[in-house]
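Data block below; observations after.
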Amino acid sequence: MKEKILVIGANGQIGTALAPLLEEIYEEGNVIASDINNPVNYAGVFEHLDATKANDLGAVIRKHGITQIYHLAAILSAKGEADPVWAWNINMQTLLNVLEASREFKLDKVFIPSSIAVFGPSSGKVMTQQNACLEPSTVYGVSKVATENWCSYYHHKYGIDVRSLRYPGVISHQSMPGGGTTDYAVDIFHKALYNRKYTCYLKPDTDLPMIYIDDALRATTELMEAPAEKITIRSSYNLAGLSFTPNELFQSIKSIMPSFDIDYQPDFRQDIADSWPGSIDDSIARRDWGWQPEFDLDRMTQDMFLHLLKRKDVLHQPVK
Ligand code: AKB
């Protein structure tokens, strides 16, 4: 049977890059991108979908004969803190609708991401382990700990083939991230190109786990393509790409753009970043399905500039 893939939250940072890649893998017409907002630039099949509405989700699944879902919609760490109950409700309602739909429509596979935000001050800072204590300090982290437990529950109780990664901060050129604590590491590239100056909301020595978009996408497709018997973690896999501080990223950008300048004005996001690990132990992902990141800091910086410089819309619009 042909796979029919539904991407929920396709306009977000990961969805914008993942939907076209899935089209390459599964062929155009077999990937249905969906989001609560209409896309600015998407040539493939698109459905307007509010995933908090179970009936609307069911209708899209029925209409297209969906066999797999990538559920990427979520309110992230920084934005969630402005209205925790709202963030919890959106993250939980969409999750439960997707899991229930997976059961009702007997979907083949479901991808539901988690995040390094599941970790908190008690998890350990360096090479944080898969089974570290999960006591997050943000509502986003709390919702992702619950997400992981729900995924595991649906797998063990109903046999749903649900797979998940704890994404680090994702650095991408395809779109701007929205509402995360790690967003600075994308914003800095746009400001470098447009303003030659960046004011960072984290302190210069704040080490955080990050991953370049190419590695993040490859991790996602490799996990989803792995044989089910290889998947030993049904909550969510630790995933590492690289770790760096704002100062290290600044130095890497400055090596390409010597006139670039930075200053630091830490805000509430500093507390969130301080509660997260600086690096992640992803040895179980490496063992189970052969995970291996490829991008280091300088290669990532070069690739970001290469892509952003091709995009006139980025260069000719002021970045707010
Ligand atoms: C955030 O900063 O909230 C996200 C994440 C680490 O999941 N990028």
Side-chain angles (χ1 to χ4, degrees), residues 8-9 11-18 70-84 86-88 90-92 94-95 111-121 123 125 128 132 134-148 151 164-190 200-203 206-213 215-217 219-220 235-246 249 266-280 282 293 300 304:
I8 298 174
N11 293 348
Q13 189 195 11
I14 295 172
T16 304
L18 184 63
Y70 288 70
H71 172 41
L72 306 176
I75 306 300
L76 301 186
S77 58
K79 194 167 175 186
E81 292 311 289
D83 195 341
W86 167 78
W88 168 264
I90 296 213
N91 290 356
M92 286 299 106
T94 56
L95 167 75
F111 179 74
I112 299 180
S114 183
S115 160
I116 54 141
V118 293
F119 298 117
S123 305
K125 268 277 175 208
T128 302
L134 303 183
E135 292 178 332
S137 59
T138 62
V139 68
Y140 172 58
V142 173
S143 77
K144 284 300 182 188
V145 173
T147 296
E148 293 188 3
C151 288
S164 178
L165 295 170
R166 288 174 178 159
Y167 285 127
V170 176
I171 290 98
S172 70
H173 50 84
Q174 291 89 342
S175 68
M176 297 298 286
T181 301
T182 59
D183 293 7
Y184 90 85
V186 179
D187 201 19
I188 193 171
F189 284 97
H190 294 258
C200 185
Y201 55 77
L202 296 181
K203 290 184 200 158
T206 312
D207 214 1
L208 283 172
M210 302 281 189
I211 191 166
Y212 191 49
I213 187 71
D215 277 342
L217 295 180
T220 308
S235 51
S236 190
Y237 277 96
N238 268 14
L239 180 74
L242 65 167
S243 285
F244 57 80
T245 65
L249 179 55
D267 66 16
F268 72 100
R269 289 167 282 194
Q270 184 67 49
D271 288 342
I272 299 177
D274 286 344
S275 77
W276 288 349
S279 58
I280 298 290
D282 63 357
M300 178 193 86
M304 279 294 282

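As the structure lists them, so they are numbered: ligands from 1, and atoms in each ligand from 1. Just so it is clear, the structure is predicted and the values come from calculations on it, not from any experiment. Atoms considered below: every heavy atom in the structure, side chains included; atoms not considered: hydrogens, waters and symmetry mates.
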(request) With sequence neighbours left out, write down each residue that passes ring pair (Phe, Tyr, Trp, His ring centres under 6.0 Å) with Tyr70, or none if nothing qualifies. (result)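 Ring pair (Phe, Tyr, Trp, His ring centres under 6.0 Å) list for Tyr70, sorted by chain: Phe111.
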(message) Under the rule for ring pair (Phe, Tyr, Trp, His ring centres under 6.0 Å), what residues qualify as partners of Tyr237, not counting sequence neighbours?
(response)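 Per chain and number, Tyr237 pairs via ring pair (Phe, Tyr, Trp, His ring centres under 6.0 Å) with Trp289.
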What does the N/O contact table under 3.5 Å look like for ligand 1?
residue  : atom  : partner : partner atom : Å
ligand 1 : 2 (O) : Ser77   : OG           : 3.4
ligand 1 : 2 (O) : Thr181  : N            : 2.7
ligand 1 : 2 (O) : Thr182  : N            : 3.1
ligand 1 : 2 (O) : Thr182  : OG1          : 3.3
ligand 1 : 3 (O) : Ser77   : N            : 3.2
ligand 1 : 3 (O) : Ser77   : OG           : 2.5
ligand 1 : 7 (O) : Ser115  : OG           : 2.7
ligand 1 : 7 (O) : Tyr140  : OH           : 2.9
ligand 1 : 8 (N) : Thr182  : OG1          : 2.9

(message) Between Glu81 and Arg269, does any NZ, NE, NH1 or NH2 come within less than 4.0 Å of an OD or OE carboxylate oxygen?
(response)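 Looking at Arg269 and Glu81, the cut-off is not met.
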(request) First locate atom CE of Met210, then atom OG1 of Thr182, and finally report the distance between them rounded to the nearest 0.5 Å. (result)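 Answer rounded to 0.5 Å: 5.0 Å.
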Name each donor-acceptor pair under 3.5 Å that joins a side chain in residues 135-142 to protein atoms two or more places apart or in another chain, with its distance.
residue : atom : partner : partner atom : Å
Glu135  : OE1  : Ser122  : OG           : 2.8
Ser137  : OG   : Ser275  : OG           : 3.0
Thr138  : OG1  : Gly141  : N            : 2.9

(message) Is any side-chain heavy atom of Phe189 closer than 4.5 Å to one of Met300?
(response)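 Answer yes - side chains close enough.
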